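Please read these numbers as outputs of a predicted model, since none were measured by experiment. In what follows, chains carry the letters A, B, and so on, assigned in the order in which the sequence lines appear, proteins first and then strands, with residues in each chain numbered from 1.
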Amino acid sequence: GESVGLHLPTLSVQEGDNSIINCAYSNSASDYFIWYKQESGKGPQFIIDIRSNMDKRQGQRVTVLLNKTVKHLSLQIAATQPGDSAVYFCAEPQNTGNQFYFGTGTSLTVIP
Amino acid sequence: DAGITQSPRHKVTETGTPVTLRCHQTENHRYMYWYRQDPGHGLRLIHYSYGVKDTDKGEVSDGYSVSRSKTEDFLLTLESATSSQTSVYFCAISVGNEQFFGPGTRLTVL
């Protein structure tokens with residue numbers, strides 16, 4: 001079946017540095033992707049999404065890049081803050097309605 | 001949080017006992033989902049519902065059943081809990097292209 005995965009399970013960055021979290025996907029027909037943030041003990045929260053007809057989308061301190069050629073997307077967090085410490089994972093829709101594949105997640109730790 | 005609550009938030013039970021988890025939403029969303037989250041795995045879909053009395057199986061439905069008798073409530077039942085069902089369970093609703101998640105229920109089966 002299709003899969004969504006992440007390259008690195010953990011990432012540590014210094015406060016103020018930029019963070020980059022990567023995700024590989026295998027369904028070239030997916031027409032959008034979503035990034036979620038999950039803080040310890042909480043449910044996942046939507047961060048940003050990107051449609052397949054875009055290669056970049058910016059939010060507040062976050063940027064998602066999509067490379068359809070290599071089926072890769074990344075989440076960039078600018079000026080990482082301690083509150084950014086969480087697990088981040090990507091998701092893509094399945095072919096059957098309103099269902100998603102979720103990646104396993106990357107744990108981001110921000111070092112003060 | 002899209003008005004999603006889950007109860008209980010924590011539960012410890014013994015193997016072989018029945019367990020029911022409740023998901024409640026206040027915004028009349030049509031689609032509701034139950035996932036489990038385990039180390040080394042992404043969120044895995046157990047069951048989902050696309051309306052009152054309309055449910056379908058997800059990727060890991062064995063050992064679970066669901067019911068949706070009202071739009072606002074989606075119940076997940078473990079008829080006879082096993083240790084492999086120790087997990088964190090999340091309920092979700094979908095709004096357009098997004099899914100919004102509840103706070104989760106941590107279930108431990110001894």
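Side-chain heavy atoms closer than 4.5 Å link hydrophobic residues (I, L, V, M, F, W, Y) into clusters, and following such links, possibly through other members, connects B:Val60 to B:Tyr89. A continuous path of Ile, Leu, Val, Met, Phe, Trp and Tyr side chains, each step under 4.5 Å between heavy atoms, connects A:Val13 with A:Ile77, placing both in one hydrophobic cluster. Transitive grouping of hydrophobic side chains (ILVMFWY, heavy atoms separated by less than 4.5 Å) brings A:Trp35 and A:Val62 into a common cluster.
Atom CD of A:Gln45 and atom CD of B:Gln99 lie 14.5 Å apart (nearest 0.5 Å). Summarising the geometry, atom CD1 belonging to A:Ile34 is positioned 6.0 Å from atom CD belonging to B:Glu98; distances are rounded to the nearest 0.5 Å. Between the CG atom of B:Leu43 and the OH atom of A:Tyr101 there is a distance of 14.0 Å, given to the nearest 0.5 Å.
Across every non-hydrogen atom of A:Gly43 and B:Phe90, the tightest pair is CA-CE2, 3.3 Å.
For the pair A:Tyr36 and B:Phe101, the minimum side-chain heavy-atom distance is below 4.5 Å.
Contacts with chain A were tallied for B:Gln6, B:Arg106, B:Gln37; B:Gln37 has the most, counting heavy-atom pairs under 4.5 Å.
By the neighbour-count criterion of 12 heavy atoms within 6.0 Å, atom CZ of B:Arg44 is densely surrounded, having more than that number from other residues, nucleotides or ligands. Counting non-hydrogen atoms of other residues, nucleotides and ligands closer than 6.0 Å to CD of B:Glu14 gives a total of 12 or fewer. Atom NZ of B:Lys57 is surrounded by 12 or fewer heavy atoms from other residues, nucleotides or ligands within 6.0 Å.
The distance between the ring centers of B:Tyr35 and A:Phe102 falls below 6.0 angstrom.
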